[in-house]
Each structure stands twice: as C-alpha cells, then as structure tokens.
There are 2 protein chains.
Amino acid sequence: MKNRIKVLRAEQNITQAQLANRVEVSRQTINAIEKGKFDPSLPLAFKIARLFNLKIEDIFQDEE
Amino acid sequence: MKNRIKVLRAEQNITQAQLANRVEVSRQTINAIEKGKFDPSLPLAFKIARLFNLKIEDIFQDEE
DNA sequence: TGTAAATGTCAAGTTTTGTTTACATTTTAT
DNA sequence: ATAAAATGTAAACAAAACTTGACATTTACA
C-alpha cells in the first residue's frame with residue numbers, strides 16, 4: 001500500500017513528529033507508514049485523511 | 001466505527017459467506033466487522049469498498 | 001564547520017485484527 | 001413443521017499494527 005503522506009507533509013511544512021502528535025501515534029509509526037513498513041489501521045487512516053482534508057483514497061493507494 | 005455493509009449486502013443480495021469469499025477473509029471476520037466487534041484493516045476496507053464501487057468513507061463512518 | 005532538528009532503523013513488547021473450529025440461533029422456503 | 005441456509009458467538013491462536021527506548025544518519029542553517 002503506497003501513500004502520499006511525505007508529499008502532503010512537505011506541502012504543509014509539517015514534520016513526522018508534528019503529524020504523529022496531531023493524529024496521536026508515535027513518530028516511529030508515522031515513519032514506518034511513510035516508508036511502507038506497514039499499513040495504518042482504518043481509524044488512523046481516517047484521522048490522517050481528515051487532517052489533510054482528503055479522502056482516504058486520495059492519500060493511500062492499494063496496489064494489487 | 002460504524003459501517004453500512006449489512007445494508008449494502010442486502011441491496012446486492014449477497015450473504016456474509018459470499019462477501020467473505022470475494023474479499024478473501026473468513027465469514028466470521030465479515031460478521032465481526034458488521035457487528036462492530038472490530039475494524040477491518042485498511043487493505044480489507046479497500047477490498048470491500050472496491051467490491052461495492054464505493055469510497056471507504058461511504059461505507060465506514062468514523063465516530064469519535 | 002558545527003550543531004540542532006529531522007529522519008531512519010532496530011529490538012522487544014503490547015494491543016488489535018483476523019483465522020479456525022465448533023456449535024447455537026434465526027431465517028427462509030418447501 | 002421441518003430441513004437447509006444464513007447468521008451469531010465464543011475460545012484459542014496467529015499475524016499485523018503500534019509503542020517505547022535507544023542510537024545512527026541525514027538535512028538545514030547560524
């Protein structure tokens with residue numbers, strides 16, 4: 001599962017740590033998701049999408 | 001996290017078992033999600049949304 | 001150039017998601 | 001009324017998401 005979080009952060013000038021705080025997970029979790037190490041839970045995906053005012057599908061792309 | 005899976009199944013006349021087969025999880029997993037016992041993983045949410053030709057947000061509603 | 005902030009990564013542990021098996025209850029149709 | 005299909009539920013387990021803590025590497029900029 002790919003995602004555009006890194007780009008969205010860059011657009012908004014937000015660090016991994018700041019994003020982590022705002023969606024209430026650890027910085028390592030954001031890092032791992034960005035690097036594709038694992039997928040966020042559905043509730044976390046919702047939080048991230050809401051933060052960027054985007055649909056989940058606009059941030060995460062299923063790849064199979 | 002609420003969802004409209006039961007209604008969507010009814011509309012399409014699909015059983016839990018049939019839906020489970022098509023998204024490649026167990027029937028009990030579909031049942032548990034419908035009953036709100038837990039949330040699906042993000043990849044599973046994508047599969048379900050794709051099956052019904054809907055956005056994830058049109059099926060699952062975050063309630064915090 | 002140096003140093004602070006940001007990012008990457010790893011290991012060990014907890015929590016949540018999902019499976020399997022098995023059985024009970026409800027619904028549907030004959 | 002009965003049989004079959006569909007749904008509900010529970011326990012024990014496996015797998016994936018997430019945490020904490022620690023340290024190494026990269027980036028930005030005074």
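Protein chains get the first letters and strands the later ones, always in sequence-line order, with residue 1 at the start of each. Given the structure is predicted, the values throughout are model-derived calculations rather than measurements.
- Here the C1' atom of nucleotide C:dT15 and the CD atom of A:Glu24 are 16 Å apart, to the nearest Å.
- At the phosphate of C:dG8, OP1 or OP2 sits under 4.0 Å from a side-chain N or O atom of A:Gln16.
- Listed pair A:Asn31 / C:dG8 meets the phosphate criterion, a side-chain N or O lying under 4.0 Å from OP1 or OP2.
- Taking only side-chain nitrogens and oxygens, A:Thr29 never comes nearer than 4.0 Å to OP1 or OP2 of D:dC18.
- In this structure, A:Leu19 places its CG atom 10 Å from P of C:dT7, rounding to the nearest Å.
- When side chains are defined from C-beta on, B:Leu54 does not count as touching B:Ile48, because their heavy atoms never get closer than 4.5 Å.
- Nearest-nucleotide positions on DNA chain D place B:Glu34 closer to the 5' end than the other of B:Glu34 and B:Pro43.
- If you take CZ on A:Arg27 and OG1 on A:Thr15, they are separated by 9.0 Å, rounding to the nearest 0.5 Å.
- Put simply, CG on A:Asn21 is 11 Å from P on D:dT19, counting in whole angstrom units.
- Close to D:dA17, at under 4.0 Å from its OP1 or OP2, lies no side-chain N or O of A:Lys37.
- Put simply, A:Lys6 has a side-chain N or O that comes within less than 4.0 Å of OP1 or OP2 on C:dG8.
- In this structure, the CG atom of A:Leu42 is 17 Å from the C1' atom of C:dT15, given to the nearest Å.
- One atom, CD1 of A:Ile14, and another, P of C:dA5, lie 19 Å apart when rounded to the nearest Å.
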Exercise for review: Run the numbers on A:Arg4 and A:Phe60 for side chain to side chain contact (heavy atoms under 4.5 Å, CB included), then give the verdict.
Suggested key: CA-CA 7 Å; A:Arg4 307 205 310 119; A:Phe60 300 92; over 6 Å; no
Check the interface with nucleotides 11-16 of chain D: list each N/O to N/O pair with the protein under 3.5 Å, or write none.
none

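- Summarising the geometry, the separation between CG on B:Leu44 and C1' on D:dA17 is reported as 15 Å, rounded to the nearest angstrom.
- One finds no salt bridge joining A:Asp62 and B:Lys47 here, because no Lys/Arg side-chain nitrogen approaches an Asp/Glu carboxylate oxygen to under 4.0 Å.
- Without hydrogens or angle criteria, B:Gln16 side chain to B:Ile30 main chain gives no donor-acceptor distance under 3.5 Å.
- Listed nucleotides D:dC18, C:dG18, C:dT9 differ in distance to A:Lys35; the shortest reach to its side chain belongs to C:dT9.
- Not a single donor-acceptor pair, N or O on each side, falls under 3.5 Å between the base of C:dG18 and the side chain of B:Gln28.
- Across the protein-nucleic acid pair, B:Lys47 atom NZ and C:dT17 atom P stand 18 Å apart, rounded to whole Å.
- Side chains of B:Glu57 and A:Glu57 form a contact here, defined as non-hydrogen atoms less than 4.5 Å apart.
- The closest side-chain heavy-atom distance from A:Ile56 to A:Leu42 is below 4.5 Å.
- Within 4.0 Å (heavy atoms only), B:Thr15 reaches sugar-phosphate atoms of the nucleic acid but no base atom.
- Between the CG atom of B:Asn13 and the C1' atom of C:dT27 there is a distance of 14 Å, rounded to whole Å.
- In the interface, the side chain of B:Arg27 is paired with the base of D:dG8 through a donor and an acceptor atom under 3.5 Å apart.
- Between A:Val23 and A:Leu44, the closest side-chain pair of non-hydrogen atoms falls below 4.5 Å.
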